[in-house]
K.L.:
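Structure incoming, see below.
Atoms within a ligand are numbered from 1 in the order they appear, just like the ligands themselves.
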Amino acid sequence: MSKYLVQKSGPLSGEVFISGSKNAVLPIMAASILTAGECELYEVPALRDVEVMSRLLQSVGAEVQEDYDSSSLTIKISHVLSEEAPYELVKKMRASILVMGPLLARTGKARIALPGGCAIGARPIDLHLKGFQALGAEIIESHGMVEAKADKLVGANIYLDFPSVGATENIMMAASLAEGTTILENVAEEPEIVDLANFLNKMGARIKGAGTDTIKIEGVRELGGTKHSVIPDRIETGTFMVAAAITRGNILIHNAVPDHVKPVIAKLRECGVVVEYNDESILVKGDVNPLISTDIKTLPYPGFPTDMQSQFMALLATVKGSSTVMETVFENRYMHIGELNRMGANIKIEGRSAVVEGEKTLLGAQVLATDLRAGAALVLAGLMAEGVTEISEIYHIERGYEKFLSKFRGLGATIIRIED
Ligand code: EPZ
């Protein structure tokens, strides 16, 4: 298993360019199943998760051409050869579930291995299935597989019990080819939902309201191929913003969308970090003021993103004063606390919250990445910790951050990758 050895690195400084969004490109790739036409995607990040999604699309009959040098991807599914997402692919990536809605809409059938839970929670798919049923699909679960079948999908009024990102995306894709109108309420409002809706509308779909809590979809008979540039990754953006803060450095972040990271900007400013931005870049200065504590509560967009919780917690362990962090989106997204405490942090879980005692001198230690963002948080902590931090299970990190090492090294970080 490969590991990172992270040395204490002086204040990070310099410029970094944000890659295309992992959580936008994955549903958009799945949406290409909805048409026999050719879809050309640009700003596609070279990630393992994109590779897994490509293989999944190929397994259902897609021709996929990847050109990572130009960050582009071409997908064409003239005929769907299989309506099944096999377990060996689904177990690698939960987002495989996003092919279910498109397969059901295109072929009338979809068979997906039930995605298991993961470190951050059980991650059920009941809201996805409830949406498909509302559109007229029959759902059968057996032997670890779930199957949806429908002679035709008919538009419906659907209320999501929780604004689930994946369920919103899956149901929106299925409803695009349903007969009649679907009104989806209490939906996720993330920028990735808007990017998917824009892609679908370019294919000929008729979707209104993406980015608000209600989306109206007027089904059409068929969709065509199109070209689309994926939005920048707001969580990668937030991760580098926190990197500037925790190392008391000064980083200029290019190809960012400030509007997508407003909660992170607000919270960093509460800590005393100086953040300036224009329409495509963000300058973060952690070296102007002494940094102080603040409180964080994760919420669905436009609230503070759960995917930034662990990175921000690492920062809060180093600032003056104690902070409270409340994770409300996932039921078990505190696995990084034990690892941060092994590095000298003092973080206690009290009910659904964590209390972070600040101004701790972090010390290098052997730690474990438990999920993508927890891994990134440990790298950030390692940049501040005395000595060397050895991080294992780094495949979590490399599945979701393009050119992770080279971007951090370009800012002055000392990180070595070793094969164990
Ligand atoms: C997406 O996951 C992201 N992944 C996650 O990013 C992100 O943390 C999450 O949204 C929340 O913003 C991708 O977009 C590929 P949810 P998703 O459905 O769609 C419950 C990362 O680090 N729920 O919004 O799986 C669920 O258990 C990853 O890039 C149900 O109960 O998230 C969770 O508690 C991690 N039933 C909450 O909703 C359902 O049917 C939010 O899940 C679906 C979800």
Side-chain angles (χ1 to χ4, degrees), residues 19-31 45 47-50 52-53 56 90 92-101 112 114-134 139 141 146 148 158-173 184 186-196 230-231 233-239 260 263 298-311 327-336 352 369-377 395-402 404:
S19 301
S21 163
K22 167 179 85 79
N23 292 350
V25 73
L26 293 175
I28 286 171
M29 290 173 73
L47 300 173
R48 205 202 62 154
D49 276 10
V50 170
V52 172
M53 183 59 85
L56 182 52
V90 175
K92 289 182 189 296
M93 181 182 68
R94 299 185 38 76
S96 306
I97 187 66
L98 293 171
V99 303
M100 192 167 191
I112 313 285
L114 276 169
C118 71
I120 62 179
R123 314 236 0 226
I125 58 167
D126 56 309
L127 299 177
H128 301 240
L129 303 180
K130 189 176 157 190
F132 298 147
Q133 276 177 319
I139 303 291
E141 281 187 42
V146 59
I158 302 167
Y159 177 86
L160 290 185
D161 298 352
F162 182 88
S164 153
V165 170
T168 303
E169 291 166 343
N170 236 335
I171 301 165
M172 185 164 72
M173 289 189 279
L184 257 182
N186 194 36
V187 295
E189 304 176 24
E190 275 72 0
E192 294 76 29
I193 307 282
V194 177
D195 206 30
L196 175 60
V230 172
I231 55 171
D233 194 312
R234 63 191 168 97
I235 305 302
E236 185 191 17
T237 302
T239 302
H260 291 171
T298 68
L299 286 167
Y301 195 90
F304 189 91
T306 173
D307 292 346
M308 282 302 304
Q309 183 253 106
S310 49
Q311 301 92 308
E327 170 60 52
T328 72
V329 175
F330 288 103
E331 71 270 24
N332 185 35
R333 202 167 197 172
Y334 286 145
M335 303 282 280
H336 46 284
R352 283 206 69 168
T370 48
D371 76 80
L372 167 60
R373 311 303 176 183
Y395 66 88
H396 285 295
I397 302 174
E398 298 185 334
R399 63 180 290 187
Y401 284 96
E402 183 183 52
F404 184 84

K.L.:
Looking only at N/O atoms, are Asp126 and ligand 1 under 3.5 Å apart anywhere?
P.N.:
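Yes, since at least one N or O of Asp126 sits under 3.5 Å from an N or O of ligand 1.
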K.L.:
Do any N/O atoms on Thr306 end up under 3.5 angstrom from N/O atoms on ligand 1?
P.N.:
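No, Thr306 has no N/O under 3.5 Å of an N/O on ligand 1.
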K.L.:
Tell me which protein heavy atom sits closest to atom 22 (O) of ligand 1, plus the residue, atom name and distance to 0.1 Å.
P.N.:
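Here the closest protein heavy atom is Arg373 NE, 2.9 Å.
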K.L.:
Backbone or side chain, does any N or O of Val329 fall under 3.5 Å from an N or O of ligand 1?
P.N.:
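Val329 vs ligand 1: N/O contact under 3.5 Å present.
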K.L.:
Return the minimal non-hydrogen interatomic distance between Ala188 and Pro163, and the atom names on each side.
P.N.:
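Of all heavy-atom pairs spanning Ala188 and Pro163, the closest is CB-O, 3.4 Å.
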K.L.:
Considering only protein heavy atoms, which is closest to atom 8 (O) of ligand 1, and at what distance to one decimal place?
P.N.:
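Residue, atom and distance for the closest contact: Asp307 OD1, 2.6 Å.
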K.L.:
Hey, looking at atom 40 (O) of ligand 1, which of Ile235, Val165, Leu129, Leu127 has the closest heavy atom?
P.N.:
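It is Leu127 that holds the nearest heavy atom.
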K.L.:
Of all the non-hydrogen atoms in the protein, which one sits nearest to atom 38 (O) of ligand 1, and at what distance?
P.N.:
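Looking at atom 38 (O) of ligand 1, the protein heavy atom closest to it is Phe162 CD2, 3.5 Å.
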K.L.:
Using atom types as modelled and distance alone, determine if a side-chain donor or acceptor of Asp233 lies under 3.5 Å from a backbone N or O of Lys22.
P.N.:
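At least one qualifying donor-acceptor pair exists.
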K.L.:
Could you tell me whether some N/O pair between Arg94 and ligand 1 is separated by less than 3.5 angstrom?
P.N.:
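Not met; the criterion fails.
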K.L.:
How far is atom 15 (C) of ligand 1 from the closest protein heavy atom, and which atom is that?
P.N.:
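Atom 15 (C) of ligand 1 sits closest to the protein heavy atom Asn23 OD1, 3.4 Å.
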K.L.:
For atom 18 (O) of ligand 1, what is the nearest protein heavy atom, given as residue, atom name and distance?
P.N.:
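For atom 18 (O) of ligand 1, the nearest protein heavy atom comes out as Ser164 OG, 2.7 Å.
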K.L.:
Closest non-hydrogen protein atom to atom 19 (O) of ligand 1, residue and atom name please, with distance?
P.N.:
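So the nearest neighbour among protein heavy atoms is Gly166 N, 2.8 Å.
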K.L.:
Atom 2 (O) of ligand 1: which protein heavy atom is closest, and how many Å away?
P.N.:
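Among all protein heavy atoms, the one nearest atom 2 (O) of ligand 1 is Arg123 NH2, 3.4 Å.
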K.L.:
Using a 4.0 Å heavy-atom cut-off, say whether Arg333 meets ligand 1 through its side chain, its backbone, both or neither.
P.N.:
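Side chain only; the backbone of Arg333 stays clear of ligand 1.
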K.L.:
Which atoms of ligand 1 have any heavy atom of Lys22 under 4.0 Å away?
P.N.:
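Every atom of ligand 1 under 4.0 Å from some heavy atom of Lys22: 21 (C), 29 (O).
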K.L.:
Got Leu26 and Asp49 here, is their nearest side-chain heavy-atom distance under 4.5 Å?
P.N.:
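Counting from C-beta outward, Leu26 and Asp49 do come under 4.5 Å.
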K.L.:
Just by modelled atom types, is the Arg352 backbone N or O under 3.5 Å from a matching donor or acceptor in the Tyr334 side chain?
P.N.:
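The answer is yes, because a donor-acceptor pair under 3.5 Å joins these two groups.
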K.L.:
Among all protein heavy atoms in this structure, tell me which lies nearest to atom 23 (N) of ligand 1, with the distance rounded to 0.1 Å.
P.N.:
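Residue, atom and distance for the closest contact: Pro124 O, 4.1 Å.
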K.L.:
Going from OH on Tyr301 to NE2 on His260, what distance comes out if it is rounded to the nearest 0.5 angstrom?
P.N.:
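Tyr301 OH to His260 NE2: 5.0 Å, rounded to 0.5 Å.
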K.L.:
I'd like to know if Arg399 pairs up with Asp371 as an ion pair, taking the criterion as any Lys NZ or Arg NE/NH1/NH2 lying under 4.0 Å from an Asp or Glu carboxylate oxygen.
P.N.:
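No, no charged N to carboxylate O under 4.0 Å.
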K.L.:
I need the Asn332 CG to Thr370 OG1 distance, nearest 0.5 Å.
P.N.:
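Asn332 atom CG to Thr370 atom OG1 measures 8.5 Å (nearest 0.5 Å).
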K.L.:
For the backbone of Ser19 and the side chain of Glu236, can you confirm whether one donor and one acceptor N or O come within less than 3.5 Å of each other?
P.N.:
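Flag set: sc Glu236 to bb Ser19 pair under 3.5 Å.
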K.L.:
Who passes salt bridge (Lys or Arg N to Asp or Glu O under 4.0 Å) against Glu192, sequence neighbours left out?
P.N.:
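Salt bridge (Lys or Arg N to Asp or Glu O under 4.0 Å) list for Glu192, sorted by chain: Arg234.
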K.L.:
Against heavy atoms of Leu372, which atoms of ligand 1 measure under 4.0 Å?
P.N.:
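Matching atoms, with element in brackets: 21 (C), 22 (O), 29 (O).
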K.L.:
Taking Ala24's backbone N and O only, do any of them form a donor-acceptor pair with Asp195's side chain (distance below 3.5 Å, no angle check)?
P.N.:
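Judged by distance alone, no pair lies under 3.5 Å.
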K.L.:
Would Ala167 count as being in polar contact with ligand 1, using the rule that some N or O on each side must be under 3.5 angstrom apart?
P.N.:
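No: no nitrogen or oxygen of Ala167 is under 3.5 Å from one in ligand 1.
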K.L.:
Quick one: side-chain hydrogen bond (donor to acceptor under 3.5 Å, both in side chains) partners of Glu327, sequence neighbours excluded?
P.N.:
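With sequence neighbours excluded, Glu327 shows a side-chain hydrogen bond (donor to acceptor under 3.5 Å, both in side chains) to Thr298, Thr306, Gln309, given in chain and number order.
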